[in-house]
Asks: 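Have a look at this one before I ask anything.
Here is the naming used below: chain letters follow the sequence lines, and residue numbers restart at 1 for every chain. This structure is a prediction, so every number in the text was calculated from the model and none was measured. Just so it is clear, the values below take in all heavy atoms, side chains as well, and ignore hydrogens, waters and symmetry mates.
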4 protein chains.
Amino acid sequence: MPRIARNVRGTLSETRRTQILEAAARVFARRGFDRATIQDIARAAKLSEGSIYNYFRSKEELLVHIPQHLVRPLFIPLVEGDVPETLGEAEEILLGVCHGMVARVQEYAPFLKVFLSALPHLSPATREHYMQLLPTYAAERLERFLREGIRRGIFRADINVEIAARLLPGMLLLFLMTQEVLLVHPIVAQGYDSIIPEAVRLFLYGATPRVLTPRPSATS
Amino acid sequence: MPRIARNVRGTLSETRRTQILEAAARVFARRGFDRATIQDIARAAKLSEGSIYNYFRSKEELLVHIPQHLVRPLFIPLVEGDVPETLGEAEEILLGVCHGMVARVQEYAPFLKVFLSALPHLSPATREHYMQLLPTYAAERLERFLREGIRRGIFRADINVEIAARLLPGMLLLFLMTQEVLLVHPIVAQGYDSIIPEAVRLFLYGATPRVLTPRPSATS
Amino acid sequence: MPRIARNVRGTLSETRRTQILEAAARVFARRGFDRATIQDIARAAKLSEGSIYNYFRSKEELLVHIPQHLVRPLFIPLVEGDVPETLGEAEEILLGVCHGMVARVQEYAPFLKVFLSALPHLSPATREHYMQLLPTYAAERLERFLREGIRRGIFRADINVEIAARLLPGMLLLFLMTQEVLLVHPIVAQGYDSIIPEAVRLFLYGATPRVLTPRPSATS
Amino acid sequence: MPRIARNVRGTLSETRRTQILEAAARVFARRGFDRATIQDIARAAKLSEGSIYNYFRSKEELLVHIPQHLVRPLFIPLVEGDVPETLGEAEEILLGVCHGMVARVQEYAPFLKVFLSALPHLSPATREHYMQLLPTYAAERLERFLREGIRRGIFRADINVEIAARLLPGMLLLFLMTQEVLLVHPIVAQGYDSIIPEAVRLFLYGATPRVLTPRPSATS
DNA sequence: GATGAATGAGTCTTCATTCAT
DNA sequence: TATGAATGAAGACTCATTCAT
């Protein structure tokens with residue numbers, strides 16, 4: 001049935017690949033990589049088993065290609081070219097980044113589940129391939145954001161940018177992992193509307209009391 | 001060959017079960033639940049395949065029983081009864097907590113891998129059970145630590161303790177997950193000796209300059 | 001792309017068939033019948049898989065039809081109408097026949113390999129079909145050659161022509177099979193230049209010492 | 001059902017291997033390597049498919065191991081230590097050798113079919129291995145036979161023994177191959193009872209008329 | 001006629017589980 | 001209780017053949 005129009009050559013092929021990968025992602029998410037069968041995926045893609053092999057060489061290749069097709073949107077930069085001019089602006093931006101991150105993880109939770117359970121046991125090559133994409137991508141943007149902020153005196157000059165850019169996402173990760181991926185009852189009743197501001201504030205101002213607000217005489 | 005003294009009836013049985021579960025945990029960690037075979041486990045336990053079925057009804061039952069035996073030590077408190085008296089002391093303690101956390105994850109990485117690979121097979125109830133242990137346990141201790149610190153004026157009074165107690169572990173989680181569990185090349189060359197102080201400092205003092213630096217009408 | 005001039009109706013079809021059969025023969029020779037895929041053959045013929053089925057009903061049909069096109073030259077008579085007048089002449093002719101046979105087997109070795117490996121598993125009808133062609137054809141010529149030789153007193157009158165006509169080719173067969181078809185290191189270092197004369201001499205004069213060479217009052 | 005007694009450890013295993021290899025040889029002979037299925041072989045061995053893999057790692061391994069178990073008897077010498085004292089004795093012996101050869105090929109025809117069908121899949125090394133056994137073995141014995149005969153003046157002194165020892169088996173090969181292995185209707189109606197004497201006579205006396213018949217005190 | 005994507009039956013192989021000893 | 005051979009269901013993957021375009 002899925003005999004698709006001819007003219008669109010090349011596009012058809014791309015369409016099929018997407019169709020298959022989307023099905024694979026759904027099935028992997030539901031059953032886990034090892035328990036998902038090609039037949040499951042074929043059915044989900046409304047294709048025959050054989051057809052899948054016209055587009056991908058193996059089941060593992062399906063897994064490897066899922067992010068390329070499906071998760072790409074996951075990596076559309078959260079922090080565009082935004083450069084913070086004031087601290088308030090920085091806070092604004094970071095709140096936005098965090099909300100975006102949460103929304104995205106929520107949206108892609110099923111896939112992330114597969115990802116987590118399958119990855120540790122796949123070939124090192126496959127693992128590397130994935131990891132290049134995932135947290136790195138997000139972090140690189142944040143690094144630039146921090147660097148710009150430092151240049152403008154908004155952030156401490158002695159921050160290790162490389163590390164700090166991963167600390168903020170990390171803060172949310174524990175919540176996201178447990179609630180969205182592992183599907184455990186909410187840890188914190190208030191939800192992300194409380195968590196995110198708290199995280200951003202901690203990230204910007206720390207846990208210790210500001211000295212009378214940044215106003216008067218130095219650190220003393 | 002594993003013919004163990006008979007007298008200890010009941011205990012022998014318990015010994016065998018432990019012997020098998022420990023082997024299973026090792027194998028699951030190395031290969032993932034679905035890829036681990038009963039033969040693998042039997043060999044690791046220095047028993048025959050058939051014998052395993054004298055103690056457990058199925059492969060899945062092995063999985064369910066693992067934590068009871070092996071994971072308990074993972075939850076020995078990181079933050080004992082420590083109560084911080086000064087900021088410096090607090091910093092000291094947090095550094096210790098973080099180092100402990102890293103060490104423990106490194107030690108239990110294999111088990112965490114089992115946990116992840118097993119996810120698709122765990123019932124929601126079992127998942128809950130695990131998660132109650134894992135980050136919750138650690139967090140509860142930190143909550144008390146923060147509350148005491150607030151009472152002593154070391155920490156901001158407006159901190160949401162419940163959340164903040166999870167933000168610090170979270171900060172490290174991203175590094176731990178990628179490096180220890182997913183086994184990807186180190187993100188940050190310097191290793192945890194750089195990461196942990198950076199995280200603690202950020203947690204305590206935030207990313208913005210302390211007072212008097214930010215001098216000139218910061219936000220203004 | 002293989003759109004060939006139309007006018008030659010019927011001939012075009014024949015061209016295509018030859019094109020396909022030649023490709024099939026090459027592929028069969030390289031991979032063996034069962035391991036050769038239609039895709040292999042299609043590629044070798046620079047056609048699509050589907051097109052092959054416009055000319056042949058099945059893969060097996062390809063095999064059956066190969067000799068008709070390709071092997072025919074294998075059967076161009078080795079022994080033309082030659083009639084031996086003297087023993088010396090007969091020897092001359094037989095040497096020529098043997099050299100021709102060797103050359104041909106060497107040329108067609110790849111095909112013979114397919115033939116040998118595929119044949120035992122084909123339908124009896126197909127097998128008969130092949131066998132009519134192969135050794136029979138060659139033998140019939142030799143039979144006439146022998147009969148003429150006997151009539152002229154060159155060969156023993158009590159020879160069973162039918163059998164003897166197959167004994168000479170047989171002599172070479174062992175060498176050809178092992179060296180050309182099975183590709184084993186040469187049995188006899190000297191090569192066919194030693195083997196052929198030896199075979200012909202044995203065929204003509206046998207292994208026992210001639211009594212004073214054929215000198216005296218012949219058989220008469 | 002094939003649960004065999006325990007005590008014979010090691011022997012049981014060997015028994016099973018033989019049982020499987022014999023079944024495999026039969027099936028390969030009937031269907032060819034590629035067309036034989038593991039299920040066929042399992043059924044022929046009265047075992048389940050899975051059991052086969054307890055003894056051999058793959059289908060190909062079955063092929064490689066067949067000769068070791070089954071073909072050995074094929075190579076029990078045809079020409080014992082026999083040394084011909086007179087021409088008549090030599091003829092006697094050669095007739096015996098030929099009959100033995102035919103009988104053996106007939107007996108092992110199924111295996112030879114396996115061998116042929118498997119050819120494309122054998123590594124050059126394996127092919128060599130086989131071929132060392134097959135015609136070489138038989139030929140070596142004949143070589144000695146001929147040498148002894150020459151020393152006794154029974155055979156021509158100018159015979160190339162190495163070659164001649166392969167010409168006699170070769171003579172029969174064409175018949176054997178076509179009739180026993182390729183299973184084509186008999187070429188020569190009379191069967192081997194005519195063919196063998198004809199071949200031996202041709203080998204000994206050649207196709208040309210004897211001068212005065214071998215009169216002069218043959219061995220004498 | 002030519003194409004090549006779609007199909008699905010058929011294969012090898014793995015592995016949890018059973019059970020005779 | 002321990003063993004490990006036997007089992008057979010299940011799954012990844014191949015490929016001859018069909019057929020819409």
Asks: If F:dT14 has a Watson-Crick or G-U wobble mate with both distances under 3.5 Å, name it; if not, just say none.
Replies: E:dA9

Asks: Could you state the atom-to-atom distance from CD1 of D:I52 to C1' of F:dG8 in whole Å?
Replies: 13 Å

Asks: Look at A:Y55 and E:dA5 and indicate whether a side-chain polar atom (N or O) is within less than 4.0 Å of OP1 or OP2.
Replies: no

Asks: How long is the line joining CZ of C:R43 and C1' of F:dC15, in whole Å?
Replies: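 For the pair C:R43 CZ and F:dC15 C1', the rounded distance is 13 Å.
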
Asks: Over how many whole Å does the gap from C:I38 atom CD1 to E:dG4 atom P extend?
Replies: 15 Å

Asks: Could you check whether C:S51 gets within reach of a base, just the sugar-phosphate, or nothing at all, counting any heavy atom under 4.0 Å?
Replies: base

Asks: Any sub-3.5 Å donor-acceptor pair from A:E49's side-chain atoms to A:I38's backbone N or O?
Replies: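 No, the answer is negative, given that no donor and acceptor are paired below the 3.5 Å cut-off.
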
Asks: How many Å lie between CZ on A:F56 and P on F:dA12, as a whole number?
Replies: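 That distance rounds to 16 Å.
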
Asks: I need the CD-P distance between D:Q39 and F:dA10, as an integer number of Å.
Replies: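 It is 15 Å, rounded to the nearest whole Å.
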
Asks: Between B:E60 and C:S48, which has a closest nucleotide on DNA chain E that is more 5'?
Replies: C:S48

Asks: Separation of A:K59 atom NZ from F:dC13 atom P, in whole Å?
Replies: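 Going from A:K59 (NZ) to F:dC13 (P), I get 8 Å.
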
Asks: With B:K59 as the cation and B:F33 as the aromatic partner, state whether NZ or CZ is under 6.0 Å from the six-membered ring centre and within 45° of the axis.
Replies: yes

Asks: Please classify the nucleic acid contact of B:A36 as base, sugar-phosphate, or nothing, using heavy-atom distances under 4.0 Å.
Replies: sugar-phosphate

Asks: With DNA chain F as reference, determine whether D:G50 or B:E49 sits nearer its 5' end, using the nearest nucleotide of each.
Replies: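 By nearest-heavy-atom nucleotide position, the 5'-most residue is B:E49.
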
Asks: Using distance alone, with no hydrogens and no angle criterion, decide if D:S51 and D:S48 have a side-chain donor and acceptor under 3.5 Å apart.
Replies: yes

Asks: Mind checking who E:dA16 pairs with, Watson-Crick or G-U wobble, both distances under 3.5 Å?
Replies: F:dT7

Asks: Does the structure show a Watson-Crick or G-U wobble partner for E:dT21, both distances under 3.5 Å? Name it, or say none.
Replies: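 Pair assignment: E:dT21 / F:dA2.
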
Asks: Does D:Y53 make a side-chain N or O approach to OP1 or OP2 of F:dA5 shorter than 4.0 Å?
Replies: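 D:Y53 to F:dA5 OP1/OP2: no side-chain N or O under 4.0 Å.
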
Asks: Can you find a heavy atom in the side chain of A:H65 that is under 4.5 Å from one in the side chain of A:R17?
Replies: yes

Asks: Does B:N54 make a side-chain N or O approach to OP1 or OP2 of F:dA2 shorter than 4.0 Å?
Replies: yes

Asks: Atom CD1 of D:I20 and atom P of F:dT7: how far apart are they, to the nearest Å?
Replies: 10 Å

Asks: Do A:T37 and A:D40 meet the criterion of a side-chain donor-acceptor pair at a distance under 3.5 Å?
Replies: yes

Asks: Whole-Å distance between E:dA16 P and B:D34 CG?
Replies: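 It works out to 9 Å between those atoms.
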
